[in-house]
There are 2 protein chains.
Amino acid sequence: MPVTIRDVAKHLNLSVTTVSRALAGHDDVAESTRQRVIKAAQEMGYVPTHAARQLRRQRTETIGLVFPTLGSRFSDPFFSEFMAGVGDETSRSNYDLLVSVTSPGEPEQTTYQRLVNSRRVDGFILVRMRLDDWRIRYLSQQGVPFASFGRSQTVENNPSIGVDGRAGIQELVRHLVSMGHSRIAFIGAPADLTLSRDRLNGYQDGLDDAGIDFDPNLVLQGNLTRTGGYEATKTLLERKSPPSAIIGINDLTALGSTRAAQESGLIVGRDIAIAGFDGIEASEHSHPPLTTVYQPVYDIGRKVCVMLITQIEGRELPQTHLLLKPKLIVRQSTMDRDLPVHPQNDNSEPETYFPSSLE
Amino acid sequence: MPVTIRDVAKHLNLSVTTVSRALAGHDDVAESTRQRVIKAAQEMGYVPTHAARQLRRQRTETIGLVFPTLGSRFSDPFFSEFMAGVGDETSRSNYDLLVSVTSPGEPEQTTYQRLVNSRRVDGFILVRMRLDDWRIRYLSQQGVPFASFGRSQTVENNPSIGVDGRAGIQELVRHLVSMGHSRIAFIGAPADLTLSRDRLNGYQDGLDDAGIDFDPNLVLQGNLTRTGGYEATKTLLERKSPPSAIIGINDLTALGSTRAAQESGLIVGRDIAIAGFDGIEASEHSHPPLTTVYQPVYDIGRKVCVMLITQIEGRELPQTHLLLKPKLIVRQSTMDRDLPVHPQNDNSEPETYFPSSLE
DNA sequence: ATAAATATCCAAAACGTTTGCGGTAACGTT
DNA sequence: AACGTTACCGCAAACGTTTTGGATATTTAT
């Protein structure tokens with residue numbers, strides 16, 4: 001049924017070698033022959049069988065992307081946007097994207113081992129980097145290429161793109177201080193994640209800058225979900241001396257926090273300030289619109305993918321480590337309600353901060 | 001470097017045939033030999049190369065899932081949850097999930113053709129069904145298995161799971177009528193989608209039930225995104241005789257609508273009622289919590305996947321078409337603000353409505 | 001004892017494509 | 001004409017695994 005290279009060769013009275021080499025652009029096939037082959041292959045609808053190419057070339061032209069689930073529901077818009085970026089770049093590069101969604105620990109390990117051992121993908125994109133990341137050691141040992149969004153303390157030479165969460169949160173604290181807040185809480189995430197440490201450090205930097213003492217009672221741990229933010233905020237608001245501002249480690253945390261505050265009868269923006277990190281779409285549409293530290297997730301997805309494919313194909317990377325500056329977007333959740341509402345300004349995306357080296 | 005079946009055979013002084021047949025459980029290999037083979041393969045870390053198996057068996061054990069993008073940002077939580085369900089089931093069945101994110105029209109067609117022609121996947125899961133769906137015709141003609149979430153008018157024998165959006169919206173209208181609303185608007189989606197027609201029909205059914213005349217000025221088209229809902233609602237609220245209730249065709253539309261209403265100074269729940277369809281997590285965390293018609297997206301993802309794999313493997317399906325009843329979840333966005341707030345009730349998931357035939 | 005049946009292994013081919021290297025015709029130089 | 005070079009094609013092997021059907025030793029039945 002499907003047309004094979006043998007059919008094309010027979011049709012043209014050529015060998016399969018010649019057809020293959022012609023289609024691949026080898027210079028030892030006459031140009032006139034080549035045109036004939038291309039024409040016939042198109043007319044006959046010939047497309048190489050992926051499995052055969054994979055086997056012969058020892059390449060799958062597939063990228064692996066294993067998403068972590070940290071709760072029972074996987075609905076983090078961050079990952080959808082990231083995946084869209086990755087997906088667009090894999091398509092552009094004639095690669096495929098193989099996705100798996102697993103919970104950390106053994107299921108995750110099993111997944112990676114299965115994909116590596118069966119030579120299912122040419123490389124991986126890693127997300128949610130950990131300070132000590134077993135994936136890096138494992139993939140390096142197996143000689144499997146990978147690129148990451150975020151860094152780890154595990155020594156590695158793999159390419160990565162990070163966003164300076166430390167500086168971003170520091171700036172956010174600065175903004176809150178400038179709004180008059182001095183009792184600022186921070187809802188974090190599991191301590192093994194790099195982003196947890198970085199953003200907590202940024203929080204502390206910001207307090208230092210403002211000459212505000214660090215109070216450990218104002219730091220709670222969430223799990224990067226709305227529910228985590230909601231529960232931590234409930235706890236904070238029950239305190240004798242509740243904070244007047246809350247920073248959620250990511251937008252989902254901050255959105256959960258917003259909900260808890262509103263359920264307590266607080267007016268977010270007037271009675272309490274709440275801010276997040278990511279700049280997901282839901283943040284700009286929330287009520288009130290959420291102040292956040294924006295990172296261009298879609299574009300990062302694309303660029304990580306470029307880095308990985310460049311590595312897989314053995315080409316040189318102009319830069320192996322990129323650290324992007326995020327941008328603070330101030331919206332109503334950290335501003336007094338009486339200020340005028342300018343929706344157009346609130347919706348603006350930041351000017352891009354990418355160096356042009358990956359374009 | 002990687003261990004091949006030849007290495008195992010040599011190690012045991014057996015042929016590769018015997019090793020292969022032993023691992024595959026063929027009954028013409030002695031049990032003692034089989035145990036020896038299994039033990040050695042494990043100790044040597046042998047895992048079959050996927051490409052070789054694919055080529056020989058003409059099977060990739062991969063499911064294709066092509067997500068549509070209707071806007072510039074792909075962040076619909078609906079698809080994350082669906083994909084999680086699909087991903088979990090593919091893992092369980094020892095399949096892989098190949099994901100592509102493309103915009104409708106030519107890019108989508110190119111993607112399907114590429115995946116089909118290169119025999120890249122064993123079958124597809126289709127989402128966002130259209131009344132006239134070229135994908136059904138194409139895949140049927142190519143003899144490629146597929147299962148769908150939702151139905152189409154295009155004749156086909158493929159298995160599908162649908163949710164009765166017509167009945168769900170009808171019930172929602174009934175609820176709004178019972179709250180005293182008679183001027184109810186409906187923000188739809190592109191007319192080629194099956195869900196557009198079904199849910200619009202449900203809206204009209206509900207109006208008929210209540211003896212309310214259908215007013216075409218109260219029906220606008222969105223695009224299933226927050227922005228679509230936001231803009232349509234802006235338009236509706238500028239009317240001389242604005243509606244007192246708005247149904248968004250999906251939760252994102254309703255969330256955008258909520259934002260537009262709030263920006264106009266309306267109190268959602270008291271001044272205007274807004275409701276959606278899906279039951280995504282963001283709806284229960286919105287302010288106010290959104291009334292919605294709930295469908296269990298994750299579980300649907302899993303079940304569609306079971307249907308497809310059952311088909312691929314040539315087994316009989318107990319049922320080829322399933323139509324689930326959604327459940328109305330009433331929250332604050334359609335109730336007067338003075339009513340008591342019961343967060344626990346608002347968070348409750350509906351009892352499951354699945355027939356047990358797919359369990 | 002002989003013939004038939006069974007258990008259990010293995011050679012070879014299959015899957016579809018790509019690649020290295022050789023064969024040979026044509027062309028260019030002496 | 002003879003020799004060397006180039007153009008351009010094709011044979012055969014490779015990739016790793018699975019499957020078909022045959023070979024042969026052992027067991028069972030007559």
- prompt: OP1 or OP2 of C/dG16 sitting under 4.0 Å from any side-chain N/O of A/Tyr46?
  reply: no
- prompt: Out of D/dC15, D/dT18, C/dC9, which nucleotide sits closest to the side chain of B/Ala30?
  reply: C/dC9
- prompt: With a 4.0 Å cut-off on heavy atoms, is B/His26 in touch with a base, just the backbone sugar-phosphate, or nothing at all?
  reply: sugar-phosphate
- prompt: Phosphate oxygens OP1/OP2 of C/dT17: is one of them under 4.0 Å from a side-chain N or O of A/Arg57?
  reply: no
query: Any side-chain donor paired with an acceptor under 3.5 Å for B/Arg36 and B/Thr18?
result: no
query: A/Asp28 has a side chain; which of D/dC9, C/dT17, D/dT17 sits nearest to it?
result: D/dC9
task: Let me know the distance between CZ of A/Arg21 and P of C/dG20, rounded to the nearest Å.
output: 7 Å
task: Would you mind classifying the nucleic acid contact of A/Val19 as base, sugar-phosphate or nothing, using non-hydrogen atoms under 4.0 angstrom?
output: nothing
- request: Take A/Val29 and A/Val16, find for each the nucleotide of DNA chain D with the closest heavy atom, and name the residue whose nucleotide sits nearer the 5' end.
  value: A/Val29
- prompt: Roughly how many Å is it from CG in B/Leu12 to C1' in C/dT8, rounded to a whole number?
  reply: 15 Å
Selected nucleotide, minimal atom distance to A/Ser15 side chain, candidates C/dC10, D/dC11, D/dC15: D/dC11
Euclidean distance, atom CZ of residue A/Arg56 to atom P of C/dT18 [Å, nearest integer]: 9 Å
task: For B/Thr154 and B/Ser152, test the side chains for any donor-to-acceptor distance below 3.5 angstrom and give the result as yes or no.
output: yes
task: Take atom CZ of A/Arg59 and atom C1' of C/dT19, then tell me their distance rounded to the nearest Å.
output: 15 Å
query: Do you know the tightest heavy-atom contact between A/Ile125 and A/Cys305?
result: CD1-CA, 3.9 Å
- request: Kindly state whether the ring of A/Tyr138 and the ring of A/Tyr112 have centres lying under 6.0 angstrom apart.
  value: no
- request: Select base, sugar-phosphate, or nothing to describe what B/Val47 touches, counting heavy atoms under 4.0 Å on all strands.
  value: sugar-phosphate
query: To the side chain of A/Ala52, which of D/dT17, D/dC8, C/dG16 is closest?
result: C/dG16
query: Base, sugar-phosphate, or nothing: which does A/Asp27 touch, judged by heavy atoms less than 4.0 Å apart?
result: nothing
query: Can you find a side chain N or O atom of B/Ser20 that sits less than 4.0 Å from OP1 or OP2 on D/dT17?
result: no
message: Please report the end-to-end axis angle for the helix from C/dA1-D/dT30 to C/dT30-D/dA1, five pairs per end, rounded to 10 degrees.
response: 50°
- line: From CD1 of B/Ile5 across to C1' of D/dT18 the rounded distance in Å is 8 Å
message: Regarding D/dG16, can its base be found pairing with the side chain of B/Arg6 as donor and acceptor, where the two atoms are less than 3.5 Å apart?
response: yes
task: For A/Leu55 and for B/Thr18, find the nucleotide of DNA chain C with the closest heavy atom, then tell me which residue's nucleotide is more 5'.
output: B/Thr18
field: base_contact_polar (C/dG16 base, A/Arg53 side chain, donor-acceptor, <3.5 Å)
entry: no
message: Assess whether a salt bridge exists between A/Glu61 and B/Arg114, defined as any Lys/Arg side-chain N lying under 4.0 Å from an Asp/Glu carboxylate O.
response: no
First encountered from the 5' end of DNA chain C, between A/Thr4 and B/Glu31: B/Glu31
- prompt: Could one point to a donor on the side chain of A/Thr17 or the base of C/dT18 with an acceptor on the other under 3.5 Å away?
  reply: no
query: Can any side-chain N or O of A/Ser160 pair as donor or acceptor with the backbone N or O of A/Arg151 at less than 3.5 Å?
result: no
- prompt: Going by atom types only, do B/Thr62 and A/Arg120 share a side-chain donor-acceptor pair under 3.5 Å?
  reply: yes
- request: Indicate, with a heavy-atom threshold strictly under 4.0 Å, whether B/Gln58 touches base, sugar-phosphate, or nothing.
  value: sugar-phosphate
field: More than 12 heavy atoms from other groups under 6.0 Å of CD on A/Glu31
entry: yes
